[in-house]
Amino acid sequence: MISRRLVRIKALQSLYSFQQGESTIDYTWPNLNPRQKAYFDDTLSTLLESIQQSHDFYLFLLDFPYQLSQYLLEEQALEKSKFYPDQAKIRRFGLLDRMPLVKYLHRAVTDNQRKGFAFDWSQLATQFDSFYQWMLEWEFVKDIDFFEQPTFEQQQSFLEEFYANLFETKESFFDTLNDYYPGWSDDELYTTREIEKTLQAAQSNGVIPVASSPTVGSEEIEMAKQLFITTAKNSLAYESQVSEISDNWDPSRIAVMDLLIIKLTLTEFLHCPTIPVKVTINEYLEITKNYSTPNSSRFVNGVLDKLRIVMEEQGLITKSGRGLRDK
């Protein structure tokens with residue numbers, strides 16, 4: 001499932017795009033004119049599509065070992081066709097093909113793939129030789145190549161190291177993904193965690209517990225809609241609340257991203273009863289560190305703490321559920 005933090009980040013980006021896209025428009029809720037309503041709906045639709053894309057890209061990367069194995073089998077066939085074929089190369093080219101887990105992952109991706117799946121490894125085919133050359137540098141690749149039939153546990157361990165090395169040591173791989181899919185920088189943490197969880201939970205009988213796809217009514221889709229719609233509709237009211245507690249600050253003097261983060265936090269304070277206040281504050285402070293100015297985190301933290309105190313005193317923040325009533 002798409003993490004809540006990633007949903008928050010995408011909602012923040014969409015609100016920023018919405019606000020900057022037609023900044024001269026005065027949005028007065030609920031009386032939007034047709035042009036305003038269409039722009040709002042388009043931005044919301046793009047937000048929901050971006051959440052689906054995150055899941056699609058997770059599936060795309062989960063299929064990488066299989067796609068690389070198919071490229072290597074083609075190279076193996078070329079080597080076999082030579083008058084003096086190199087048997088060592090032929091064996092190395094078949095490494096991934098000797099792992100049933102690679103095929104299980106591909107089958108799981110195929111079974112869970114949407115018709116609108118936007119990504120295609122053929123568009124990165126020119127990079128496959130570089131990917132393979134990186135593999136040859138890694139000691140764990142050389143170690144597993146000794147086994148004609150690696151155990152299932154060995155295959156799991158190999159693929160976990162395979163992905164870890166790609167993501168952690170190959171900056172050019174990261175750049176390639178970012179060029180191909182602009183959302184990769186935001187999705188990286190979610191995607192790498194889901195791939196790791198999928199590999200660890202894979203079963204030797206071929207059952208692969210692929211993360212569920214976001215659907216209409218799913219938690220991540222409903223959360224994204226609520227954050228975007230509620231924050232947009234209450235934007236002016238939130239600005240008034242910020243003005244009341246911000247000494248010598250008015251909304252027009254606050255950095256755009258900082259103010260949007262504060263508004264999203266207020267939406268969670270007031271309209272998400274099952275999310276603890278402390279969790280909301282900590283999450284948005286982490287997002288502030290990565291998506292706003294170096295000094296923003298301290299300022300946002302101060303504003304949010306004042307808002308929390310005032311709203312709790314006024315009885316505006318109501319949380320329900322075990323462990324959610326503590327301040």
Side-chain angles (χ1 to χ4, degrees), residues 1-23 39-64 67-68 109 112-128 130-131 134 163-196 198 211 213-215 218 220-221 223-225 227-228 231-232 255-258 260-261 264 283-284 286-294 296:
M1 186 180 77
I2 305 295
S3 70
R4 284 184 172 182
R5 178 173 296 181
L6 185 55
V7 171
R8 292 180 174 103
I9 290 170
K10 290 185 179 296
L12 173 63
Q13 293 170 333
S14 294
L15 284 166
Y16 181 83
S17 176
F18 175 63
Q19 179 170 309
Q20 299 299 108
E22 294 193 37
S23 58
Y39 182 55
F40 177 81
D41 290 343
D42 286 347
T43 308
L44 175 59
S45 178
T46 300
L47 166 60
L48 302 184
E49 287 172 2
S50 74
I51 293 175
Q52 180 62 61
Q53 271 198 326
S54 295
H55 183 266
D56 289 349
F57 205 70
Y58 147 73
L59 291 176
F60 175 74
L61 283 179
L62 197 62
D63 201 33
F64 175 50
Q67 298 299 329
L68 181 57
V109 169
N112 286 274
Q113 186 170 302
R114 292 190 316 140
K115 291 182 179 179
F117 193 71
F119 307 105
D120 188 344
W121 276 109
S122 65
Q123 297 180 42
L124 297 176
T126 58
Q127 305 283 337
F128 278 6
S130 296
F131 301 156
W134 296 340
Y163 278 109
N165 275 270
L166 280 177
F167 295 141
E168 295 173 10
T169 69
K170 293 302 179 184
E171 187 175 343
S172 56
F173 185 72
F174 186 99
D175 292 340
T176 295
L177 296 183
N178 210 36
D179 289 341
Y180 183 57
Y181 170 49
W184 169 242
S185 295
D186 301 318
D187 292 3
E188 179 197 7
L189 184 59
Y190 155 74
T191 305
T192 54
R193 284 180 175 175
E194 286 300 329
I195 288 176
E196 182 179 13
T198 302
S213 173
T215 57
S218 63
E220 53 267 72
I221 293 295
M223 182 178 183
K225 289 168 62 178
L227 289 178
F228 182 78
T231 303
V256 172
M257 196 62 76
D258 292 354
L260 286 175
I261 288 171
L264 281 165
E283 283 292 301
Y284 282 109
E286 286 301 311
I287 291 172
T288 302
K289 293 175 184 177
N290 293 320
Y291 290 88
S292 196
T293 66
S296 291

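Position 1 is the first residue of the sequence, and the numbers go up from there. These values consider heavy atoms only, across backbone and side chains, with no hydrogens, waters or symmetry-generated copies.
In this structure, CD1 in Ile195 is found 9.5 Å from OH in Tyr190, a value given to the nearest 0.5 Å. Between Leu6 atom CG and Ile51 atom CD1 the span is 7.5 Å, to the nearest 0.5 Å. Atom CG of Leu12 and atom CG of Asn290 lie 11.0 Å apart (nearest 0.5 Å). For the atom pair CE (Met223) and CZ (Phe228), the distance works out to 15.0 Å, reported to the nearest 0.5 Å. Atom CG in Leu61 sits 11.5 Å away from atom OG1 in Thr198 (nearest 0.5 Å). Separation of atoms CD1 (Ile2) and OG (Ser213) is listed at 8.0 Å; rounding is to 0.5 Å.
Residues Ala211 and His55 share a closest heavy-atom pair of O-NE2, 2.8 Å. In terms of heavy atoms, Leu48 sits closest to Ala224 at CD2-CB, 4.1 Å. Taking each heavy atom of Gln52 and Pro214 in turn, the nearest pair found is OE1-O, 3.1 Å. In terms of heavy atoms, Leu68 sits closest to Phe128 at CD1-O, 4.0 Å. Residues Val256 and Gln19 share a closest heavy-atom pair of CG1-NE2, 3.5 Å.
Put simply, the side chain of Leu124 does not reach to within 4.5 Å of the side chain of Phe119, judged on heavy atoms. The closest side-chain heavy-atom distance from Asp187 to Tyr181 is below 4.5 Å. Under the 4.5 Å side-chain criterion, counting only non-hydrogen atoms from C-beta, Met257 is in contact with Ile261. Between Leu177 and Phe57, the closest side-chain pair of non-hydrogen atoms falls below 4.5 Å.
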Can you list the steps and then say if Arg8 with Leu227 is a side chain to side chain contact (heavy atoms under 4.5 Å, CB included)? CA-CA 8 Å; Arg8 292 180 174 103; Leu227 289 178; 4.2 Å; yes
Residue pair Ile221, Thr215: steps toward the side chain to side chain contact (heavy atoms under 4.5 Å, CB included) verdict: CA-CA 7 Å; Ile221 293 295; Thr215 57; over 6 Å; no
As a quick check of understanding, evaluate side chain to side chain contact (heavy atoms under 4.5 Å, CB included) for Thr191 and Phe60, giving each step before the final call. CA-CA 10 Å; Thr191 305; Phe60 175 74; over 6 Å; no
Derivation of the side chain to side chain contact (heavy atoms under 4.5 Å, CB included) call for Leu260 and Gln13: CA-CA 9 Å; Leu260 286 175; Gln13 293 170 333; over 6 Å; no
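Ring geometry, Trp134 versus Phe173: the interplanar angle exceeds 60°, so the pair is classed perpendicular (tilted spans 30 to 60°). In this pair, Phe131 and Phe64 present their aromatic rings perpendicular. The plane angle is above 60°, beyond the 30 to 60° band.
Between Arg193 and Glu196, no side-chain nitrogen of the basic residue sits less than 4.0 Å from a carboxylate oxygen of the acidic one, so the salt-bridge criterion is not met. Classification of Glu283 and Arg4 as a salt-bridged pair fails, no side-chain N sitting under 4.0 Å from a carboxylate O.
The main-chain N or O of Tyr39 is found under 3.5 Å from a side-chain atom of Thr43 such that the two form a donor-acceptor pair. The closest donor-acceptor contact from the side chain of Ser17 to the backbone of Ser14 lies at 3.5 Å or more, if one exists at all.
Residue pairs that meet the side chain to side chain donor-acceptor pair (under 3.5 Å) test with at least one member in residues 163-173, sequence neighbours left out, are Glu137-Lys170.
Between the side chains of Asp186 and Tyr291, at least one donor N or O sits under 3.5 Å from an acceptor N or O.
Within a 6.0 Å radius of CZ in Phe174, more than 12 heavy atoms belonging to other residues, nucleotides or ligands are found.
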